[in-house]
Each structure stands twice: as C-alpha cells, then as structure tokens.
Amino acid sequence: MKKSIGMIGGMGPLATADLFYKIVKNTRAQNDQEHIRIYIDNNTAISDRTAAILNAGPDPVPAMTESIRKLEACGADCLIMPCNTAHYFLPQLKKVTKLPFVSMLEVTASACAERYPGKTAGLLATTGTLESHLYDQVLQAEKVPYLLPSEENESRLMKIIYRGVKGGAAMEEVCPLMEKMLEEMLAGGVDYFILGCTELPLVFAYLPAPPPSVDPTEELAKAAVRFCGYEVQE
C-alpha cells in the first residue's frame with residue numbers, strides 16, 4: 001500500500017519548496033496520478049532552531065507539535081523536516097506522535113559512506129547544528145571522516161544562510177562568499193561537502209563550478225519516496 005508524506009515546513013519556506021520539488025523530481029511517475037500525496041504545513045511561526053539551541057530564543061517544539069497535529073489530521077503516514085538543525089528536537093517530537101520520521105541526518109550519512117568511501121567530508125551547517133554535534137554520531141556510525149569549518153568560515157556560513165538565502169539577497173551576491181569558503185576548506189583537506197543546512201543547496205545551484213557534495217535535501221527526498229513505496233527516478 002502506497003503511503004503519504006507530511007512535511008513540517010517553514011524552516012525556511014524556500015527550503016520547504018526545494019524539498020517538495022525534489023520529492024516530485026525523484027519520483028518515477030508517468031502521470032500526475034502516479035505521484036505521492038504530500039501534505040505540507042509551511043509553518044513560518046516555528047521559531048529559529050539555532051537560537052533555541054544556543055539558549056537565545058524561544059522553544060520551537062510547541063509550533064512543530066502543532067504542525068504534527070495538522071499533518072496527522074490530514075492523514076499523513078510519515079513525517080519529514082526540511083531543516084537539518086530541527087533534527088536536534090527530533091527525540092522530543094517522536095514522543096508526541098506515533099507517525100514515523102524519515103531522518104535527514106541518517107540518510108545523508110549513508111549517502112556519504114556509499115558515494116565517497118574513505119574521502120573526507122567538509123560539514124557545512126548552522127552554528128546550532130555544529131555546536132549540538134548533530135552529525136557527529138551518524139557520520140561516525142558510518143565511518144565517514146569529516147572536517148568542520150573554522151570559526152571564520154562558520155561565521156561566513158551564517159551570513160550566507162541568514163543574510164543571504166533567508167534574508168532574500170540575490171544568489172549572485174552570496175556566491176563569492178561561498179566560493180572563498182569552499183576554496184579554503186578544499187585546501188585544508190576536504191574532498192567533498194555535506195550541505196548540512198537546507199538553504200545551502202539553493203546557493204550551490206548558482207555556483208559556476210560547484211565542488212563534489214552531498215545534498216541532504218535530495219537524500220531525504222529519495223528516502224521519503226522509497227519509504228512511501230514508490231520508485232526513485234534515476
């Protein structure tokens with residue numbers, strides 16, 4: 001029996017649209033009727049996840065729980081979140097629903113191990129994701145070597161994510177900052193990058209010569225397609 005997807009969206013809106021697009025793109029279908037039924041709550045009332053993790057902002061869990069209730073009422077069979085940092089709150093969210101979550105972090109780590117065995121990943125993510133060590137356990141479980149950005153590059157990442165994509169800046173303005181950071185990390189021993197914030201694939205799409213990378217949004221989309229009993233479009 002085919003399943004439906006419930007997406008806790010709004011984290012942020014462009015990342016939500018990107019995940020929806022990638023689910024559709026990665027579903028093998030010959031017509032509209034062969035695609036997956038997807039319920040999306042673009043809940044922009046969910047407070048900033050990084051700020052909450054760093055103890056500087058309100059708890060996003062109540063608003064995320066509200067989204068879960070709405071998606072349950074719609075009839076979703078599983079839940080996904082287009083936000084890496086939001087997975088910090090996944091243990092709490094699992095306690096408020098019986099619906100299974102498809103973890104963006106786990107499927108990303110598996111993709112790294114399969115696609116780049118023995119190669120060193122450069123983990124690009126928000127300060128909330130980096131400081132909470134969200135990726136550490138899943139990458140270590142898959143025996144994926146990785147390097148973190150320097151303090152200066154972490155600051156650049158936050159500018160790219162918050163002032164750039166979330167702030168509505170033109171991608172052409174953001175790309176030079178991204179390119180400088182990538183060059184430094186490649187010179188420091190990184191072989192490929194984990195785009196560990198769902199805003200980052202949106203920037204990568206505008207780079208004239210993007211380095212090798214794993215896109216967690218793409219990996220989550222494929223995993224959700226398979227979970228729902230559909231075939232991935234290769």
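Below, all heavy atoms of this structure are taken into account, side chains as well, without hydrogens, waters or symmetry copies. Throughout, numbering of the chain's residues begins at 1 and tracks the sequence.
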- [ ] Would you mind telling me which of N84, T126, V165, L124 makes a side chain to side chain contact (heavy atoms under 4.5 Å, CB included) with L200?
- [x] L124

Task: Over-ring placement of K94 relative to F101, 6.0 Å and 45° cut-offs - done: no

Task: Residues K22 and E219 bridged, charged N to O under 4.0 Å - done: no

Open item on the list: Between N31 (side chain only) and E34 (backbone N and O only), is there a donor and an acceptor less than 3.5 Å apart?
Closed with: yes

- [ ] Flag yes if V232 and F227 sit in one hydrophobic cluster, no otherwise; membership is Ile, Leu, Val, Met, Phe, Trp, Tyr, and two members link when side-chain heavy atoms are under 4.5 Å apart.
- [x] yes

Task: Whether E154 side chain and S150 backbone form a donor-acceptor pair below 3.5 Å - done: no

Task: Closest approach of N43 to A63 (non-hydrogen atoms, all atoms of both residues) - done: ND2-O, 3.1 Å

Open item on the list: Is it the case that atom NZ in K159 sees more than 12 heavy atoms from other parts of the structure closer than 6.0 Å?
Closed with: no

Open item on the list: Within the supplied structure, the quantity of interest is the number of heavy atoms (other residues, nucleotides, ligands) at a distance under 6.0 Å from R37 CZ; does it exceed 12?
Closed with: no

TODO: Identify the heavy atoms of V144 and A109 that sit nearest to each other, and give their distance.
DONE: CG2-O, 4.0 Å

Task: Sidechain-backbone polar pair: T16 side chain, G10 backbone, donor-acceptor under 3.5 Å - done: yes

- [ ] Could you tell me whether K25 and E218 make a salt bridge, using a distance below 4.0 angstrom between a side-chain N and a carboxylate O?
- [x] yes

Open item on the list: For K180, is there an ion pair with E183 - N to carboxylate O distance below 4.0 angstrom?
Closed with: no

TODO: With rounding to the nearest 0.5 Å, note down the distance linking SG in C74 to CD1 in I38.
DONE: 13.0 Å

TODO: Nearest 0.5 Å please: distance from the NE2 atom of H87 over to the CG atom of L93.
DONE: 9.5 Å

Task: Sidechain-backbone polar pair: D191 side chain, K119 backbone, donor-acceptor under 3.5 Å - done: no

TODO: Can you measure from CG (L186) to CE (M181) and round to the nearest 0.5 angstrom?
DONE: 10.0 Å

Task: Interatomic distance, R49 atom CZ to L54 atom CG [nearest 0.5 angstrom] - done: 12.5 Å

TODO: Please report the shortest heavy-atom distance between A15 and T198, naming the atom on each side.
DONE: CB-OG1, 3.3 Å

- [ ] Quick one: closest heavy-atom pair of A86 and M64, and the distance?
- [x] CB-CE, 3.8 Å

TODO: Taking atom CZ of F20 as the centre, report whether more than 12 heavy atoms of other residues, nucleotides or ligands fall under 6.0 Å from it.
DONE: no

Task: D77 and Y39: side chain donor to acceptor below 3.5 Å - done: no

TODO: Say whether, by atom type as modelled, one donor and one acceptor occur between the side chain of Y230 and the main chain of T27 under 3.5 angstrom.
DONE: no

TODO: For the pair N26 and Y21, evaluate side chain to side chain donor-acceptor pair (under 3.5 Å) and give the outcome as yes or no after the intermediate values.
DONE: CA-CA 9 Å; N26 281 289; Y21 168 76; over 6 Å; no

- [ ] Supply the atom-to-atom distance E142 CD to Q137 CD, rounded to the nearest 0.5 angstrom.
- [x] 11.5 Å

TODO: Rounded to the nearest 0.5 Å, what's the gap from CG on N153 to CG on L177? Could you check?
DONE: 8.5 Å

Task: P201 versus D215, closest heavy-atom pair with distance - done: CG-OD1, 3.2 Å

Open item on the list: If hydrophobic clusters are built by linking Ile, Leu, Val, Met, Phe, Trp and Tyr wherever their side-chain heavy atoms come under 4.5 Å apart, do Y116 and F204 end up in the same one?
Closed with: no

